[in-house]
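Below you'll find the structure, written out as structure tokens, and then a few comments.
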There are 2 protein chains.
Amino acid sequence: MPAYDHPDLTTLDIVSVLRALADPVRLDIVKRLHSMGEANCAALVGKRPKSSMSHHFQVLRESGIVHTRIEGVQHHNSLRRQELDERFPGLMAAVLAAI
Amino acid sequence: MPAYDHPDLTTLDIVSVLRALADPVRLDIVKRLHSMGEANCAALVGKRPKSSMSHHFQVLRESGIVHTRIEGVQHHNSLRRQELDERFPGLMAAVLAAI
DNA sequence: CCTATAGTTCGATTGTTGTCGAACTATTGG
DNA sequence: CCAATAGTTCGACAACAATCGAACTATAGG
């Protein structure tokens, strides 16, 4: 229930962002978030266990790619698209186009 | 002495490319290649041993980011910029702008 | 031919990351 | 209050990746 803290735009690190993106599971999450706009974890869990997904969301959150909004029992995730675009112009567009 | 084989444009995989870029040493190499145009390994070796550098060049080569041209005893490396742009438009521009 | 130079290959080690089950926490509904 | 739901945390393990020294290969120059 404690709201997560998301890293500030200015502290985002390109290496961390690239590392976060350099995983097929997380790329898939990113793709879905892009097309769905916002989604809770359950909607993104394929066949993988919840603990794995939790891990991937943590990586995406800590690198600054994803924002997690807590609403009751659910965690709604969304891409921090505007902020990423501001910090790394063109990066997400290129990645999203590639997947 | 055997010329390397570089992966074909069409087989380039976004995950491999992102993984290759998600390392500070390799990002540094990419940055230098971008500004220098072409360089042999020695010019890019900072304080790191040659075996480490050899490893990083291999990763960059196999992911399709770098082309290595052998000329005598030297290996001249360059970014496969046009091909990358064709396959993943905007990606390298975004990464290069970020570093 | 001998040596220097440029880089690779090998093998060991260490550190990092992904995966997953099990136990836990928090919220909502009955 | 009890149970269901949504997700986290913990711990273990396996797979992978970075690092580096040492030995190797190949070319060029003297």
Side-chain angles (χ1 to χ4, degrees), chain A residues 1-7 13-33 36 38-78, chain B residues 1-7 13-33 36 38-78:
Chain A
M1 169 220 171
Y4 294 108
D5 46 277
H6 297 83
D13 168 34
I14 184 68
V15 175
S16 307
V17 169
L18 290 171
R19 248 208 314 259
L21 292 172
D23 176 281
V25 175
R26 288 192 291 267
L27 264 191
D28 189 58
I29 292 175
V30 166
K31 176 163 70 175
R32 287 169 192 248
L33 286 181
M36 300 168 67
E38 194 183 53
N40 64 351
C41 301
L44 297 160
V45 170
K47 299 192 75 71
R48 287 161 209 280
K50 299 194 292 178
S51 54
S52 292
M53 285 299 125
S54 193
H55 164 67
H56 288 302
F57 279 110
Q58 186 184 1
V59 172
L60 288 169
R61 209 158 39 226
E62 291 181 348
S63 69
I65 295 174
V66 156
H67 178 89
T68 306
R69 175 175 66 83
I70 301 183
E71 188 180 275
V73 81
Q74 284 178 207
H75 294 202
H76 297 280
N77 299 286
S78 55
Chain B
M1 171 219 170
Y4 293 108
D5 47 277
H6 297 81
D13 169 34
I14 184 68
V15 176
S16 308
V17 169
L18 291 171
R19 250 208 312 260
L21 292 172
D23 177 279
V25 177
R26 289 193 290 267
L27 263 191
D28 189 58
I29 292 176
V30 165
K31 176 162 70 173
R32 288 169 191 248
L33 287 181
M36 301 168 68
E38 194 182 53
N40 64 351
C41 300
L44 298 161
V45 170
K47 301 191 76 66
R48 285 158 209 282
K50 299 193 292 176
S51 53
S52 293
M53 284 300 127
S54 195
H55 164 67
H56 287 303
F57 279 110
Q58 187 184 1
V59 173
L60 288 169
R61 210 158 40 227
E62 291 181 348
S63 68
I65 295 175
V66 157
H67 178 89
T68 306
R69 176 174 65 84
I70 302 183
E71 187 180 274
V73 82
Q74 284 179 207
H75 292 201
H76 297 281
N77 299 286
S78 56

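Reminder, nothing fancy here: chain letters follow the sequence lines and each chain counts from 1.
Rounded to whole Å, atom C1' of D/dT8 lies 15 Å from atom CG of A/Asn40. Computed from coordinates, the B/Gln74 CD to C/dT5 C1' distance equals 9 Å when rounded to whole Å. In this structure, CG of B/Asp28 is placed 16 Å from C1' of D/dA18, rounded to the nearest angstrom. Taking atom NE2 of residue B/His75 and atom P of nucleotide C/dT9, one finds them 9 Å apart after rounding to whole Å.
Residue A/Ser52 places at least one side-chain N or O under 4.0 Å from the OP1 or OP2 atom of C/dC20. Between A/Ser54 and D/dT8 there is a side-chain polar atom (N or O) within less than 4.0 angstrom of OP1 or OP2. Side-chain N/O atoms of B/Arg48 include none lying less than 4.0 angstrom from OP1 or OP2 on D/dA18. Side-chain N/O atoms of B/His55 include none lying less than 4.0 angstrom from OP1 or OP2 on C/dT8. Contact annotation: A/His76 does not reach the phosphate of D/dA6 (side-chain N/O to OP1 or OP2, under 4.0 Å).
Taking only side-chain atoms of B/Ser51, from C-beta outward, the nucleotide of C/dG18, C/dG7, C/dT9 with the closest atom is C/dT9. Here D/dA18 is the nucleotide among D/dT8, D/dA18, C/dG7 with the atom lying nearest to any side-chain atom of B/His56.
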Original post:
Given B/Asp23 and B/Val59, is the side-chain contact (heavy atoms from CB on, under 4.5 Å) satisfied, shown in steps?
Top reply: CA-CA 11 Å; B/Asp23 177 279; B/Val59 173; over 6 Å; no
Subject >> Full working for side-chain contact (heavy atoms from CB on, under 4.5 Å) between A/Arg48 and A/Val25 >> reply: CA-CA 10 Å; A/Arg48 287 161 209 280; A/Val25 175; 3.6 Å; yes
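Contact annotation: the side chain of B/Asn77 never approaches that of B/Asn40 to less than 4.5 Å [non-hydrogen atoms, C-beta and beyond].
The side-chain hydrogen bond (donor to acceptor under 3.5 Å, both in side chains) test with A/Thr68 is passed by exactly one of A/Gln58, A/Arg61, A/His75, A/His76: A/Arg61.
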